[in-house]
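Letters A, B, ... are given to chains in the order of the sequence lines, protein chains preceding strands, and every chain is numbered from 1. Worth saying up front: this structure is predicted, and the values here are computed from it rather than measured.
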Number of protein chains: 2
Amino acid sequence: MAIFSKTCEYAIRAVFYIAHKTANGGRVGIKDIATGIVSPELYLAKILQDLSRKGLISSYKGPNGGFFIEPTSLSKPLSEIVEAVDGDSLFYGCALGLKQCSEVNPCPLHNDFKAIRDKIHLLLNTTTVGEFNNELMNGLFSLKK
Amino acid sequence: MAIFSKTCEYAIRAVFYIAHKTANGGRVGIKDIATGIVSPELYLAKILQDLSRKGLISSYKGPNGGFFIEPTSLSKPLSEIVEAVDGDSLFYGCALGLKQCSEVNPCPLHNDFKAIRDKIHLLLNTTTVGEFNNELMNGLFSLKK
DNA sequence: ATAATAAAAGACAAAAGTATCTTCTATTAT
DNA sequence: ATAATAGAAGATACTTTTGTCTTTTATTAT
């Protein structure tokens, strides 16, 4: 099992792609994004529509339309993308899937995994959508399979 | 998304259950285990058969048969259970699902997630199958939903 | 207005994960 | 030997995730 669902992997990669492509204005079409991150175009379209509906990215219809990210949205934390797609069980759920697991009724792994979850949460809370734009433009980071 | 698959959650909980029930000898039947951890009996049976085939737990047929864990196996790390069921992508895979992601061709999250993965790996490597037996026998930890 | 471009939406399909059912085989107390 | 108990195994079914197809709607350059 991976940390994120495939849907979430596509979502994060697409958001990074859109961010660095439209940081200086303009829009980027779905075909461009799908090629840029190597993902199934029509499936990705659904994911981006969902993120757009939730206000995490923006879109513009018509000729020269496409997706983009508002400059102010570049500072949003990645945790919002993850939570929108995969929910918050990665941040708050019990590792052993126990609904009743808590401080007063812990599973054996409760304390150790709480520490891990907190680290993941902190990392995604402090990583922003636009923070890798320079490296992505310079080709220092990869978004392709 | 949870950290482990449902199959893996059942596996870990069952192994903990078997461990503390058979630490002083004896065997525990599938019905007992399924009730004890609240899981679908027939599905759990398949999971335990698989773990048994892989030598992570032991079983004994016939009347008074059932599953048990060799005393020497109580010190095995939990990572072996996880790896047997969910594979090793939690320990080594790229957070964004990129096959080519590596030190020389990193995804934007590569370094930060490597640290997280290492923490998870270390935790599961240093947590043993039998390490919660006392607390489980005293009811200090829960394995039920 | 029209044509071109692009997103939105709903239906559908394939694959993987989760769960169940039935039958068979092995073991052992009696 | 037989009955009881328990694991092994194969087939089947349900659910969720992942992916595709087709049609519709919105926008704007011309």
Side-chain angles (χ1 to χ4, degrees), chain A residues 1-14 18 21-22 26-69 84-87 89 96-97 145, chain B residues 1-14 18 21-22 26-69 82 84-87 89-90 96-97 145:
Chain A
M1 281 260 303
I3 286 265
F4 303 126
S5 68
K6 273 209 159 301
T7 304
C8 193
E9 291 174 357
Y10 292 146
I12 296 173
R13 280 153 59 198
I18 299 169
K21 281 281 185 174
T22 67
R27 295 145 198 156
V28 54
I30 183 69
K31 276 182 203 303
D32 184 345
I33 304 169
T35 305
I37 68 170
V38 185
S39 73
E41 178 186 329
L42 294 165
Y43 188 56
L44 182 63
K46 301 235 146 183
I47 299 170
L48 295 187
Q49 282 161 26
D50 182 47
L51 293 181
S52 175
R53 233 176 282 118
K54 288 172 176 163
L56 297 169
I57 61 179
S58 308
S59 71
Y60 202 88
K61 292 180 181 180
N64 302 317
F67 292 96
F68 63 103
I69 293 185
V85 177
D86 277 352
S89 63
L96 300 186
K145 279 183 200 162
Chain B
M1 281 260 301
I3 285 265
F4 303 126
S5 68
K6 272 205 159 303
T7 304
C8 192
E9 292 174 356
Y10 292 145
I12 296 174
R13 278 154 58 200
I18 299 168
K21 281 280 185 176
T22 68
R27 296 144 197 158
V28 54
I30 184 69
K31 277 182 202 301
D32 184 346
I33 305 169
T35 305
I37 69 170
V38 186
S39 72
E41 179 187 329
L42 294 165
Y43 188 55
L44 183 63
K46 301 234 148 184
I47 299 170
L48 295 187
Q49 283 162 24
D50 182 47
L51 293 181
S52 175
R53 236 176 279 119
K54 289 173 175 163
L56 296 169
I57 61 179
S58 308
S59 71
Y60 201 87
K61 293 179 182 179
N64 302 318
F67 291 96
F68 63 102
I69 293 186
V82 172
V85 177
D86 277 352
S89 64
L90 186 62
L96 301 186
K145 282 185 196 158

Could you list all N or O pairs between the protein and nucleotides 27-30 of chain C that sit under 3.5 Å apart?
{"residue": "C:dT28", "atom": "OP1", "partner": "B:Tyr60", "partner atom": "OH", "Å": "2.1"}

Atom-to-atom span, CD of B:Glu9 to C1' of C:dG17 - whole angstrom: 13 Å

Sugar-phosphate, base or nothing in reach of B:Arg53, heavy atoms under 4.0 Å: sugar-phosphate

Side-chain touch B:Tyr43/B:Thr7, heavy atoms, less than 4.5 angstrom: yes

Protein-nucleotide distance (A:Tyr43, atom OH; C:dA15, atom C1'), rounded to Å: 12 Å

pair A:Lys21-A:Arg27: side-chain heavy atoms closer than 4.5 Å: no

Student check: side-chain heavy atoms of A:Ile18 and A:Leu48 closer than 4.5 Å: yes

Within-4.5 Å side-chain heavy-atom neighbours: A:Leu96 and B:Arg13: yes

Sugar-phosphate, base or nothing in reach of B:Leu48, heavy atoms under 4.0 Å: nothing

Residues forming a ring-ring contact (aromatic ring centres under 6.0 Å, His included) with A:Phe68, sequence neighbours excluded: none

Which pairs of donor and acceptor atoms, one on a side chain in residues 49-59 of chain B, lie under 3.5 Å apart (sequence neighbours left out)?
{"residue": "B:Asp50", "atom": "OD2", "partner": "B:Lys54", "partner atom": "NZ", "Å": "3.2"}
{"residue": "B:Lys54", "atom": "NZ", "partner": "B:Ala84", "partner atom": "O", "Å": "3.1"}

B:Leu51 CG - D:dG7 C1' separation (whole Å): 14 Å

Value in whole Å for how far the C1' atom of D:dT27 lies from CZ of A:Phe67: 14 Å

Whole-Å distance separating the CD1 atom of A:Ile30 from the P atom of D:dG19: 14 Å

Min side-chain heavy-atom separation B:Ile30-B:Glu41 under 4.5 Å: yes

Closest-nucleotide ordering on DNA chain D, the 5'-leading residue of B:Lys31 and A:Glu41: B:Lys31

B:Tyr10 side chain near C:dA19 phosphate (N/O to OP1/OP2, under 4.0 Å): yes

A:Lys46 side-chain proximity, nearest of D:dT20, C:dA7, C:dT18: D:dT20

Residue whose nearest DNA chain C nucleotide is more 5′ - A:Gly65 or A:Leu42: A:Gly65

Euclidean distance, atom CG of residue A:Asp50 to atom C1' of D:dT18 [Å, nearest integer]: 15 Å

Nearest-nucleotide pick for A:Thr7, side chain only, options being C:dA8, D:dT18, D:dA8: D:dT18

Nucleotide of D:dG19, C:dT18, C:dT20 approaching B:Pro40 most closely (side-chain heavy atoms): C:dT20

Integer-rounded Å distance: C:dT5 P and A:Phe68 CZ: 20 Å

Spacing of A:Met1 atom CE relative to C:dA16 atom C1', expressed in whole Å: 12 Å

